[in-house]
Amino acid sequence: VDATEVELLSHTAKYSCLRPSPLVCPNQSLVKEIDVIRQGRNVEGEERSMLSYSRAISVIKAYPHVITEHNIRDIHELPFLGVKILSMIEEFLKTGQITEAQTMLANPRFQSLSAFITIHGIGPHTARRLYDLGLRTLEELERYYEVKPGVSDEETMPLLDAEASANTEAAGERSIKIGLALRHDLGQTIPREEVEEINGTIMRELGHIQKGCKSVIAGGYRRGKPQSNDVDIVITHTDWNLGSQKVKGLCRKLVQRLHEQGLVTHVMYLSGFHEHNVLRTHHWDSLEKALTVFVSRHNSSRRNVYRRVDLIFAAPEVFWTAVVGWTGSTMFERDLRLWAKQQKGMKFDSSGISRRHDSKLYHPRTERDVFKVLGLVYIHPTLRNA
Ligand code: TTP
Ligand code: MN
Ligand code: MN
């Protein structure tokens, strides 16, 4: 790597895509405490404040030493740590906790809202609406939505109905019903070997539809998490020149086949199902993708387990861009976009990299190329836990 580029990587950098961030950092218990406050802002919809806490947490995650009374001076040099957060850090050093975090944890409203947003399909906004209706527990939500726990009503929820690709209230409610019915399974994390097995099963089924495809398991798994909340698989074709055509329309065909095989029971979202896709809002990339519920038969001794599996299809020329875009973390992605825009006059998202003044498109052939095109030093996936 070029010597001038190496200087760019620093735990004091403003962009998290310049800060190597391990999965577990030397100040993990401090991070956990501040994260409670961040979550408090999240459930209340205070987005600016939440982002400030997210940035502060991210900066601490990249700091390579245990913070003590002796090096607290160095902490003042780090970006995004304002007066308030610095005083919280000092309180934590003295007492091992932060009063505001402890108050938050004891708050019944925080407890209800936090529980509600663990359900797939329920975001902070919906959580607050349900709370305002007087609902307090997940059992009360089940009664409200008339969902029987452990049973997902597959009869009344056809796999590929119009609602799966529409941004309507009905689609939202359908998603919540699935999330509630399957909450005991979907709330469990997925070990790495099962993630690999799910990828293997899906690629074997894909081989029956189109030969020559390949995949990379992205998301938290790729960042080294021992347990994942879902499985994110980015798929392309190995033929650089003809792959684009071979990948087109594959997402829908694969989901259909997986459903026929009894491997996929629900599709929360499917792009490319309708010609005009109303869900293609600004923060969604334009790749073909399906957010599914997959039946995992990993434990042969136990019953099948429902798992969330995201399938993302990319043409070969944007495959590595898509892999970087779906590897995360969310903060790392956010800052990749910001860096590209503010420092390079470029646009980055999972579906492509372009230069703004002439719309030139970049087609990186490797993951390292993605970083090079963006003028960044390569950071290994396991150090992208910003
Ligand atoms: P997630 O699967 O939501 O999160 P994760 O894999 O980091 O952690 P876990 O599943 O264990 O909770 O998202 C994976 C990455 O994909 C995320 O870091 C950012 C990216 N992403 C997009 O680019 N677009 C999207 O619409 C979503 C939902 C995620
Ligand atoms: Mn994931
Ligand atoms: Mn995902």
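Index from 1, following the sequence. Order of listing sets the numbers, starting from 1, for every ligand and every atom in it. Because the structure is predicted, anything quoted here is derived from the model rather than measured. Side chains included, hydrogens not; waters and symmetry mates left out as well; all remaining heavy atoms used.
Side chains of Arg183 and Thr118: a donor-acceptor N/O pair is absent below 3.5 angstrom, by distance only. For the residue pair Thr99 and Glu91, a side-chain donor N or O sits within less than 3.5 Å of a side-chain acceptor on the partner. One side chain, Tyr378 or Glu367, offers a donor N or O that lies under 3.5 Å from an acceptor on the other. Residues Asn199 and Glu196 bring no donor and acceptor atom of their side chains to less than 3.5 Å of each other. Using a 3.5 Å distance cut-off with no hydrogens or angles, the side chains of Thr382 and His380 do pair a donor with an acceptor.
Considering backbone and side-chain atoms together, Lys225 places an N or O closer than 3.5 Å to an N or O of ligand 1. Residue-to-ligand polar distances place Gly220 within reach of ligand 1: an N/O pair is separated by less than 3.5 Å. Close N/O approach between Gln227 and ligand 1 is not found [any backbone or side-chain N/O within under 3.5 Å]. For a threshold of 3.5 Å applied to N or O pairs, the pair formed by Ser329 and ligand 1 contains no separation below that value. The shortest N/O to N/O separation between Arg223 and ligand 1 falls below 3.5 Å.
The ligand atoms of ligand 1 that sit less than 4.0 angstrom from a heavy atom of Asp232 are 2 (O), 6 (O), 14 (C). Set against the non-hydrogen atoms of Gly219, the atoms of ligand 1 under 4.0 Å away are 6 (O). Here is the list of ligand 1 atoms found below 4.0 Å of a heavy atom in Ser350: 23 (O). Every atom of ligand 1 is numbered from 1 in the order shown, and the set under 4.0 Å from a heavy atom of Asn229 is 9 (P), 10 (O), 11 (O), 12 (O). With ligand atoms numbered from 1 in the order given, ligand 1 contributes 11 (O) to contacts under 4.0 Å with heavy atoms of Ser228. Taking a cut-off of under 4.0 Å to the non-hydrogen atoms of Thr330, the atoms of ligand 1 that pass are 18 (O). Interface atoms of ligand 1 facing Gly328, defined by a heavy-atom separation under 4.0 Å, are 18 (O). The Asp230 neighbourhood of ligand 1 comprises atoms 2 (O), 10 (O), with distances under 4.0 Å to a heavy atom of that residue.
Within Asp310, the N/O/S atom positioned nearest the Mn ion (ligand 3) carries the name OD2. Restricting Asp232 to its N/O/S atoms, the shortest distance to the Mn ion (ligand 3) is reached by OD1. Counting just the N/O/S atoms of Asp230, the one with the shortest distance to the Mn ion (ligand 2) is named OD1.
For Arg38 and Asp35, the salt-bridge test passes: some basic side-chain N is under 4.0 Å from an acidic carboxylate O.
Annotation for Glu139: atom CD counts as buried by contact number, over 12 foreign heavy atoms lying within 6.0 Å. Crowding of His70 atom NE2: a count of heavy atoms from other residues, nucleotides or ligands under 6.0 Å not exceeding 12.
The side-chain tip of Arg136 points at the ring of Tyr131 from less than 6.0 angstrom away and within 45° of straight on. Taking the ring axis of Tyr362 as reference, the NZ or CZ atom of Arg355 does not stay both within 45° of it and closer than 6.0 Å to the ring centre.
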